[in-house]
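Single-structure report; data block below.
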Amino acid sequence: MKQKKSTLLTKRDRAGYFFCAHWIIGLAVFFVFPLVSSIFYSFSEVNIGAKGLSLKFVAFENYIEIFKSNPTYVNNLRDSVVGMLTDLPIIVCLSLFLALILNSKFKGRLLFRGIFFLPVIIANSVVMEMLKNPQVGMQLFTNATGAQATTYGGMIDFNSMLLQLNMPDALTKLFADYLSNVFGLIWSCGVQTILFMAGLQSISAQLYEVGKIEGANRWEILWFMEVPMLRNVILLVLFYTMIDQFTAMSTPVMAQLSSVMFKSQSHDISSAMLWAYFLIAGAVMGIILWAYNKFLMRKWE
């Protein structure tokens with residue numbers, strides 16, 4: 001019987017590998033090979049000639065150059081990290097708030113759920129990039145058509161309005177950026193809202209009944225029952241949101257990288273920029289996930 005079972009499991013494993021073979025081959029050819037090549041490019045001087053690419057090993061010179069001789073990259077790197085740190089709590093809280101609304105019982109909730117799923121479908125389109133970030137959208141339009149396009153300012157000048165409140169300049173700039181990018185932040189909550197809804201629907205209805213019997217109000221149910229039960233979902237949402245924010249083409253570093261890589265054809269410098277950005281972004285994500293696991297997740301277990 002053991003031999004028959006092992007033979008059956010072996011056949012199943014072979015069938016699984018067979019059906020995944022095309023994906024494994026595509027991953028190796030179109031992802032692993034370019035990934036490894038970019039590592040060699042980042043430590044080399046790449047020249048494009050008649051015979052193709054020629055590499056000359058220069059160790060860490062490319063990394064030294066981007067941090068020492070390229071202040072634009074350093075500023076973009078700082079802005080990308082700060083932008084992610086400021087957008088992350090807003091996106092997570094807003095996604096949870098939308099999920100709580102869409103998970104409640106009301107007429108037409110299926111229609112509204114479909115509407116909030118639209119960002120997942122069209123969030124990466126050129127039209128959405130133009131709506132979320134006019135400068136990036138117009139740059140995509142110019143690259144695609146070769147025609148110059150003019151960007152116009154927003155309908156509401158939030159900066160002028162907030163200056164009348166006599167707040168500090170740092171807070172004024174922060175709130176003005178949030179209000180100007182509110183449309184983009186809402187459209188960045190599509191997948192996160194769906195994940196939170198799935199987590200809320202996995203909570204047993206008996207727990208809500210027990211909470212009502214004990215006299216808990218809606219606020220107490222949220223913080224003492226729903227949020228602790230969603231601790232694993234929140235971890236997934238944090239991880240997904242950070243990756244999505246770091247890899248968005250609207251971030252300053254990604255916009256600069258697309259310009260350096262495709263226009264200047266500087267494969268060595270652009271590879272060094274990419275790997276430096278990857279390591280710094282990974283370090284920031286690791287610190288955030290470690291802090292969440294240590295100070296929140298363990299408390300909710």
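Note that the structure is a prediction, hence the values are computed from the model and not measured.
- Within the model, atoms CG of Leu98 and CD1 of Ile194 stand 11.5 Å from one another, a figure rounded to the nearest 0.5 Å.
- Rounding to the nearest 0.5 angstrom, the gap separating the CG atom in Leu100 from the OG atom in Ser95 is 11.0 Å.
- A donor-acceptor contact closer than 3.5 angstrom links the side chains of Tyr208 and Glu226.
- Criterion: ILVMFWY side-chain heavy atoms under 4.5 Å apart, direct or through other members. Under it, Leu207 and Trp223 are part of a common hydrophobic cluster.
- The OG atom of Ser204 lies 9.0 Å from the CE atom of Met225; values are rounded to the nearest 0.5 Å.
- Taking CG from Leu274 and CD1 from Ile269, the interatomic distance works out to 11.5 Å, rounded to the nearest 0.5 Å.
- Pairs passing the salt bridge (Lys or Arg N to Asp or Glu O under 4.0 Å) check and including a residue from residues 12-40, sequence neighbours excluded, do not occur.
- Looking at every heavy atom in both residues, Gly199 comes nearest to Ser202 through O-OG, 2.6 Å.
- Both Trp219 and Phe196 belong to a single network of hydrophobic side chains, linked directly or stepwise wherever heavy atoms of I, L, V, M, F, W or Y lie under 4.5 Å apart.
- When all heavy atoms are compared, the tightest approach of Gln245 to Thr251 is O-CG2, 2.9 Å.
- Contact check for Thr72 versus Gln256: side-chain heavy atoms found under the 4.5 Å cut-off.
- In this structure, CG in Leu222 is found 6.5 Å from CG in Leu96, a value given to the nearest 0.5 Å.
- Residues satisfying the side chain to side chain donor-acceptor pair (under 3.5 Å) test with Ser80, not counting sequence neighbours, are none.
- Side chain of Asn62 to backbone of Ser44: a donor-acceptor contact under 3.5 angstrom is found.
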Original post:
For Leu235 and Asn293, what are the C-alpha separation, side-chain angles and deciding distance, and is it a side-chain contact (heavy atoms from CB on, under 4.5 Å)?
Top reply: CA-CA 8 Å; Leu235 179 65; Asn293 181 62; 6.0 Å; no
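- The aromatic rings of Tyr277 and Phe246 lie perpendicular to each other, with more than 60° between the two planes, well past the 30° mark.
- In plain terms, the two heavy atoms of Ile243 and Met285 that are nearest each other are CG1-CE, 3.6 Å.
- Interatomic distance, CG of Leu77 versus CD1 of Ile280, reported as 4.0 Å (0.5 Å rounding).
- Residue pairs satisfying the ring pair (Phe, Tyr, Trp, His ring centres under 6.0 Å) criterion with at least one member in residues 65-86, sequence neighbours excluded, are listed as follows: Phe67-Tyr73.
- Around the CD atom of Gln206, the shell of radius 6.0 Å holds no more than 12 heavy atoms that belong to other residues, nucleotides or ligands.
- Cluster membership for Trp300 and Phe239, using ILVMFWY side-chain heavy atoms within less than 4.5 angstrom, is shared.
- Between Phe33 and Ser37 the shortest side-chain heavy-atom distance falls below 4.5 Å.
- A 4.5 Å side-chain heavy-atom check between His22 and Ile24 finds every atom pair outside the cut-off.
- Among Thr247, Ile91, Ile288, the single residue meeting the side chain to side chain contact (heavy atoms under 4.5 Å, CB included) criterion with Met242 is Ile288.
- In Phe31, the CZ atom is not crowded: 12 or fewer heavy atoms of neighbouring residues, nucleotides or ligands sit closer than 6.0 Å.
- A side-chain N or O of Gln192 and one of Thr241 form a donor-acceptor pair less than 3.5 Å apart.
- Using a 4.5 Å heavy-atom threshold, the side chains of Leu296 and Arg231 count as separate.
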**OP:** Could you walk me through whether Glu45 and Asn47 pass side-chain contact (heavy atoms from CB on, under 4.5 Å), step by step?
**Re:** CA-CA 7 Å; Glu45 180 183 346; Asn47 296 312; 3.9 Å; yes
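- Both Tyr63 and Leu35 are assigned to one and the same hydrophobic cluster, defined by single-linkage of ILVMFWY side chains at heavy-atom distances under 4.5 Å.
- Between Val237 and Val191, every side-chain heavy-atom pair lies at or beyond the 4.5 Å cut-off.
- Here the closest non-hydrogen pair linking Leu238 and Leu289 is CB-CD2, 4.4 Å.
- For the pair Phe57/Phe40, no side-chain contact is recorded, criterion being any heavy-atom separation below 4.5 Å from C-beta on.
- Ring-plane geometry between Trp275 and Phe278 is classed as perpendicular, the angle between the planes exceeding 60 degrees on a 0 to 90 degree scale with a lower cut at 30.
- Residues Asn76 and Met254 fail the side-chain proximity criterion, which asks for heavy atoms closer than 4.5 Å.
- Cluster annotation: Ile287 is not connected to Tyr240 through the hydrophobic network of ILVMFWY side chains, with a link wherever side-chain heavy atoms come within less than 4.5 Å.
- When side chains are defined from C-beta on, Val46 does not count as touching Lys56, because their heavy atoms never get closer than 4.5 Å.
- Asn217 and Glu220 make their closest contact through OD1-N, 2.8 Å (heavy atoms, listed as atom of the first residue, atom of the second, distance).
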